[in-house]
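Data block below; observations after.
In this text, all values refer to a predicted model and were calculated from it rather than measured experimentally.
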Amino acid sequence: MKLNNKSILVRDESCIKCGKCTKVCPAGVLIQRQKGEIIHVENIDTCIACGHCVDVCPTASVVHSDFPPEKLHPIDYSLLPSPEQVMALIKTRRSNRAITSRPIPQEALDRIVEAARFAPTASNKRNVSFTVITDPEKLRQVSDFTINKFDSGARILMNPIVKVFLKPFLKDTYDTLPAFYRFKQEHKAGNDPILRKATALLIIHTPESSEFGSENANLAYQNASLMAHSLGVSQIYMGFVVRAIRKCGKRTFSQITGVEGKVQAIMALGIPAFKYPRYIE
């Protein structure tokens, strides 16, 4: 069956009618009315091109126009890490802020982005984009931009009249101001308290209209974070930068990085100066 340039075919000559494709199809496109009967293709316009039907078929009988042979890869389960190895990776992942000036190999950056790209997205929209910044000048500008945004906000908060009215309602915000002033002094001294001298930024962004942009980006971030850790690359969540962007800084950040749409998350990356010998509960 074909609709809107999308086609799905179930080869009758090789299909063993196991029904696995009908069980995994989230859109109900593949139908088996009774066990052992032929597979019907219906309502193809609801297909989200997730590929479950193609991947699960034991006889490669499901042919989907979005997944030509070069996109299909057999799974070697012997290559998968053990549960103990996965848990060790998770438990030992830290935000190591002691970063060297050595650049991250391009192959490592490519793998981190690939891991992020393979994260699931709501309704398989695949509308999450990734931008990697390695230009030292742009990295410096991002750090300057963040400090300047928070500095302008701090001046407003510390206005005597504003402070009287807002402090009772923004206690946590006012409690963080001493830390910001320390960051400001460190930044002025060239210590880069924002990016921690990271040599790369991974910016995860989505269209402004993306309904599940934040959720999709978070899934992608976790994939990228664990891949970075497995490669020996330090990664740090850039919450201050994201907050600065959301404090009316979107246009300036876009001018620096060229990123359009809504920035959902940012990861600073770098080669760590050392490894942690232990982890705590």
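Closest of all the heavy-atom pairs between A200 and L109 is CB-CD2, 4.1 Å. The shortest non-hydrogen separation linking A49 to K6 is CB-NZ, 4.0 Å. Closest approach of V41 to I8, counting heavy atoms only: CG2-O, 4.0 Å.
A side-chain N or O of D110 and one of Q106 form a donor-acceptor pair less than 3.5 Å apart.
Inter-residue side-chain proximity for T46 and V29 is flagged as met; some heavy-atom pair is nearer than 4.5 Å.
Aromatic ring pairs are classed by plane angle as parallel below 30°, tilted from 30° to 60° and perpendicular above 60°; the pair F180 and F150 is tilted. Taking the six-membered ring where the residue is Trp, F253 and F145 present tilted rings, their angle falling between 30° and 60°.
Among K262, E215, Q264, the one residue that satisfies the side-chain hydrogen bond (donor to acceptor under 3.5 Å, both in side chains) test with T206 is Q264.
A donor-acceptor contact shorter than 3.5 Å is absent between the side chain of E186 and the backbone of Y181. Remark: the backbone N or O of I236 is not paired with any side-chain donor or acceptor of S95 at under 3.5 angstrom. Side-chain N or O atoms of N216 include one that pairs as donor or acceptor with a backbone N or O of F212 at under 3.5 Å. Panel note: side chain S234, backbone L269; no donor-acceptor pair is recorded below 3.5 Å.
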